[in-house]
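Just so it is clear, the structure is predicted and the values come from calculations on it, not from any experiment.
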Amino acid sequence: MRICKSICLTAAMAIFISGCGSAKTSTAPTNTYTPTLEVSAAVNGDAVTLQMTTDLKISKEHYDHQRVAGEGHIHISLDKGEKIVVTDKQKVLDHLSKGPHEVKVSLHNNDHTPYDVSKTITFDVK
């Protein structure tokens, strides 16, 4: 009985060790898609209309969900302030103070991870 336990234990250890030694590393597919982005600003009084042109599918229905290649949403930051999440290709910012302003626009996956694509533009409110 003792010999049988020893043989079984030895066989189990051999299977465990050989399984670990031959394990292949699994790599998740990387997201190789890089969307395009252009941003324009049209000032009208104390408001600016931002127009974002991108080949990224802006996805309202998958916002804050699992990543899907080629879709996502936009983050906007006015004057280095808090980010504004946008799920349209146009955004109006109003009640702006007179003077120069800076807007950073960046593209993000549904799960908020960045695509590392951004544009920064400046404009003046008169």
List in chain and number order the residues that pass side chain to side chain contact (heavy atoms under 4.5 Å, CB included) with [X], two or more places apart in sequence or in another chain; answer none if no residue qualifies.
X	result
Glu61	Lys57, Ser59
Pro35	Tyr33, Thr54, Asp55, Leu56, Leu107, Tyr115, Val117
Ala41	Val48, Leu50, Ile121, Phe123

Tell me every residue that passes salt bridge (charged side-chain N to carboxylate O under 4.0 Å, His left out) with Asp46, counting only those two or more places apart in sequence or in another chain.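 Here no residue qualifies.
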Which residues share a salt bridge (charged side-chain N to carboxylate O under 4.0 Å, His left out) with Lys119, sequence neighbours left out:
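Residues passing salt bridge (charged side-chain N to carboxylate O under 4.0 Å, His left out) with Lys119: Glu38.
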- First locate atom CD1 of Ile74, then atom OG of Ser106, and finally report the distance between them rounded to the nearest 0.5 Å.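 With rounding to 0.5 Å, CD1 (Ile74) is 9.0 Å from OG (Ser106).
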Members sharing Val92's hydrophobic cluster, built from side-chain contacts under 4.5 Å between Ile, Leu, Val, Met, Phe, Trp and Tyr, are none
Atom CG of residue position Asp64 - does it have more than 12 heavy atoms of other residues, nucleotides or ligands inside 6.0 Å?
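Result for CG/Asp64: enclosed.
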Item to complete: Run the numbers on His108 and Tyr63 for ring pair (Phe, Tyr, Trp, His ring centres under 6.0 Å), then give the verdict.
Response: CA-CA 10 Å; His108 295 261; Tyr63 170 77; over 10 Å; no
Residues 77-86 side chain polar contacts: donor-acceptor under 3.5 Å, at least two apart:
unit_1, atom_1, unit_2, atom_2, d
Ser77, OG, Gly81, N, 3.3
Ser77, OG, Gly81, O, 2.9
Asp79, OD1, Glu102, N, 2.8
Asp79, OD2, His101, ND1, 2.7

Open item on the list: Could you work out, with ring-ring contact (aromatic ring centres under 6.0 Å, His included) as the rule, every residue matching His65, not counting sequence neighbours?
Closed with: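 Per chain and number, His65 pairs via ring-ring contact (aromatic ring centres under 6.0 Å, His included) with no residue.
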Polar contact flag, side-chain donor to acceptor under 3.5 angstrom, Glu71-Asn110
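Looking only at side-chain atoms, Asn110 and Glu71 do form a donor-acceptor pair, the distance falling under 3.5 Å.
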- Is there a donor-acceptor contact under 3.5 Å linking the side chains of His73 and His62?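 Absent: no donor and acceptor within the cut-off.
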query: Is a side-chain donor or acceptor of Asn109 paired with a backbone partner of Asp111 at a separation under 3.5 angstrom?
result: no
Side chains of Val103 and Ile76 in contact at under 4.5 Å (non-hydrogen atoms) |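 They are in side-chain contact.
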Is the shortest side-chain heavy-atom distance between Val105 and Leu37 below 4.5 Å?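 They are in side-chain contact.
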| query | Is there any side-chain hydrogen bond (donor to acceptor under 3.5 Å, both in side chains) pair reaching into residues 85-98, and which pairs are they, with sequence neighbours excluded? | reply |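 Qualifying pairs: Lys60-Asp88.
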